[in-house]
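For reference, the structure is listed below as structure tokens.
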Amino acid sequence: MPPVASPASLGRLAPLPRAFFARDTVTVARELCGKLLLRRHTARTSPPVVTARIVEVEAYLGERDAASHARRGPTPRAAIMFGPPGHLYVYLIYGMYHCMNFVTEADGVAGAVLIRAAEPLGDLASAGARALSGPGKLCTALGVTLSEKGADLTSDGPVAVVDDGWPPPRIAASPRIGVAYAGRWSRRRLRFYIPGHPAVSGRGEA
DNA sequence: GCCACGATAGTG
DNA sequence: ACTATCGTGGCG
């Protein structure tokens with residue numbers, strides 16, 4: 001793994017712009033692999049910026065995708081998936097875990113990318129976190145909850161994404177996790193990950 | 001108003 | 001394989 005800049009300097013990199021997210025969801029998902037996640041904490045007790053490298057994501061397409069929360073249209077929970085791209089969609093699952101997604105596609109078109117795993121860097125790594133493997137664990141570690149839902153990813157808000165120039169050696173695809181109920185959509189290869197990366201959840205199979 | 005059910009993860 | 005725990009959305 002190549003050396004990375006200090007967390008402080010990463011915090012000065014420009015967040016990925018709205019145009020990055022305003023594209024086809026699969027394209028955005030693939031390109032998010034290897035990017036850096038910036039979590040800004042406001043509490044003085046926390047470091048100002050925590051960083052992690054995204055190593056696993058899933059694409060959730062619009063209303064036609066039987067595994068997507070958008071499948072029932074713009075309900076109160078999922079309406080944000082239909083809104084402008086570059087915003088954070090957070091939901092509570094099983095009453096105890098949060099999952100974080102980035103809204104994609106043009107305004108009016110539903111789409112989102114679920115962030116499933118990341119490699120802790122900087123202060124997080126120093127704190128002893130070996131991996132942020134699984135969407136629930138990732139949100140717990142970063143302190144992302146429903147109160148961050150709707151945040152703008154393209155400003156210097158609570159969550160942002162930056163490109164530090166690290167090229168993923170390779171990106172693999174597989175069916176999505178935990179969507180067996182979705183019929184043929186459960187078999188589509190819409191999960192993207194960096195094969196062999198230790199932070200990938202489950203078996204990071206090649 | 002009710003109630004079954006998760007885009008999960010830790011324990012047995 | 002079992003289950004904690006609660007917001008969401010389908011249904012009445």
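Sequence lines set the chain letters: A, B, ... in the order given, protein chains first and strands last, and positions in each chain run from 1. Since we're looking at a predicted model, the values are computed, not measured.
Contact detail for A/Ile93 and A/Cys99: the closest heavy-atom pair is CG2-SG, 3.8 Å. Nearest heavy-atom pair across A/Met81 and A/Ala70 is CE-CB, 3.9 Å.
Residue A/Arg71 contributes atom CZ, which lies 13 Å from atom P of B/dC5 at whole-angstrom precision. Residue A/Tyr181 contributes atom OH, which lies 13 Å from atom C1' of C/dT8 at whole-angstrom precision. To the nearest angstrom, P of B/dG10 lies 15 Å from CD1 of A/Ile93. The CG-P distance, from A/Leu92 to C/dG9, rounds to 12 Å in whole Å. Protein atom NE2 of A/His69 is 11 Å distant from nucleotide atom C1' of C/dG9, rounded to whole Å. Rounding to whole angstrom units, CD1 of residue A/Ile115 and C1' of B/dT8 are separated by 16 Å. Counting to the nearest Å, the P atom of B/dA7 and the CZ atom of A/Arg187 are 17 Å from each other. In this structure, CZ of A/Arg176 is placed 11 Å from P of B/dT8, rounded to the nearest angstrom.
For B/dA7, the base is stacked against the aromatic ring of A/Tyr60, per a cut-off of 5.5 Å between centres and 30° between planes. Stacking here means ring centres nearer than 5.5 Å and ring planes tilted less than 30 degrees, and by that measure A/Tyr94 stacks onto B/dT8.
Side-chain atoms of A/Tyr89 lie closest to B/dA7 of the nucleotides B/dA9, B/dA7, C/dG9.
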Legend entry - Structure string for DNA chain B in dot-bracket form, Watson-Crick and G-U at under 3.5 Å, | interchain: ||||||.||||.
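Evaluation of the side chain to side chain contact (heavy atoms under 4.5 Å, CB included) rule for A/Arg130 yields no partner, not counting sequence neighbours.
Mapping A/Met96 and A/Lys149 onto DNA chain C by nearest heavy atom places A/Met96 at the nucleotide closer to the 5' end.
OP1 or OP2 of B/dT8 lies within a sub-4.0 Å distance of a side-chain N or O belonging to A/Arg116. When the side-chain nitrogen and oxygen atoms of A/Thr75 are compared with OP1 and OP2 of C/dT8, none of them lie within a distance under 4.0 Å.
For the atom pair A/Leu114 CG and A/Arg191 CZ, the distance stands at 11.0 Å (nearest 0.5 Å). A distance of 14.5 Å separates NE2 in A/His197 from CZ in A/Arg170, rounded to the nearest 0.5 Å.
Only the P atoms considered, C/dC2 is 16 Å distant from B/dC5, to the nearest whole Å.
Donor-acceptor pairing under 3.5 Å is lacking for the side chains of A/Asp65 and A/Ser68.
Cluster annotation: A/Phe21 is connected to A/Val26 through the hydrophobic network of ILVMFWY side chains, with a link wherever side-chain heavy atoms come within less than 4.5 Å.
Using a 4.0 Å heavy-atom distance criterion, A/Leu114 is classed as a base contact.
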